[in-house]
Amino acid sequence: MFIDLSVSINEQTPVYPGDPKTKIKPAAKWASNTYRDHYVSIGTHAGTHVDAPWHMVKDGITLDKIPVEQFTGRGVCVQINGQFDLATVKKADVQPNDIVLFYTGMSKVYDKSEYYDNYPSINNEVAKYLVKQKVKMVGVDMCSVDKPPFLIHRVLLGANILIIENLTNLEELVNKNFTVYAFPIKLQIDGAPVRVIAKL
Ligand SMILES: [Zn+2]
């Protein structure tokens, strides 16, 4: 059984405050061309997306340089009630090469300002632990793993751990065994929208 952990992308899909708005414009229309084609202008951090090291590490690698095996792996879903704490994460038995998804419930307010104003940040202890455990990716159902000046982004990306933001449907994964597939398009820049799937 597959579960889609990605949000739909259209011009109304919310973006992080200050990020470019998604623009979708027809390049060919059914009425005049009998086919459809579109120009799409999208920020690399719109909707469900992957952050590559180059996003927040000066000499970090770009998304196209990430080995493909890093985009899939055993998933671990950790439920966060309120704030992140190391004891909760340790209980989840995170192993090397895991993909750790934090279910905070924030996706319920994805279309509200609260989604950007009032979310829990991953703390430094938890980030350091994930680096020590050598996980492949860290995903959240939030707009970001932390807040400006984005030190947690730098801890994770600095260790070449990828970050997935704006996940949805994580409630379906609590206490389940699953594999994550998250292959973004091969852009030679800082990140890209991604279709994230869990296979139960
Ligand atoms: Zn991002």
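Count residues from 1 along the sequence. Atoms within a ligand are numbered from 1 in the order they appear, just like the ligands themselves.
Salt-bridge formation is not detected for the pair Lys186/Asp64: no Lys NZ or Arg NE/NH1/NH2 atom is positioned less than 4.0 Å from an Asp or Glu carboxylate oxygen.
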- [ ] Run the numbers on Asp4 and Arg195 for salt bridge (Lys or Arg N to Asp or Glu O under 4.0 Å), then give the verdict.
- [x] CA-CA 8 Å; Asp4 191 350; Arg195 190 71 179 262; 2.7 Å; yes
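No other N/O/S atom of Glu165 lies as close to the Zn ion (ligand 1) as OE1 does. Among the heteroatoms counted here (N, O or S) of His45, ND1 is the one nearest to the Zn ion (ligand 1). Between the Zn ion (ligand 1) and the N, O or S atoms of Asp51, the shortest distance is to OD1.
His55 lies apart from the Zn ion (ligand 1) in this respect, since none of its N, O or S atoms is found at a distance under 2.8 Å.
Just one residue in the list Val138, Leu173, Val78 forms a side-chain contact (heavy atoms from CB on, under 4.5 Å) with Leu101, and that residue is Leu173.
A donor-acceptor pair shorter than 3.5 Å cannot be found between the side chains of Asn97 and Gln95.
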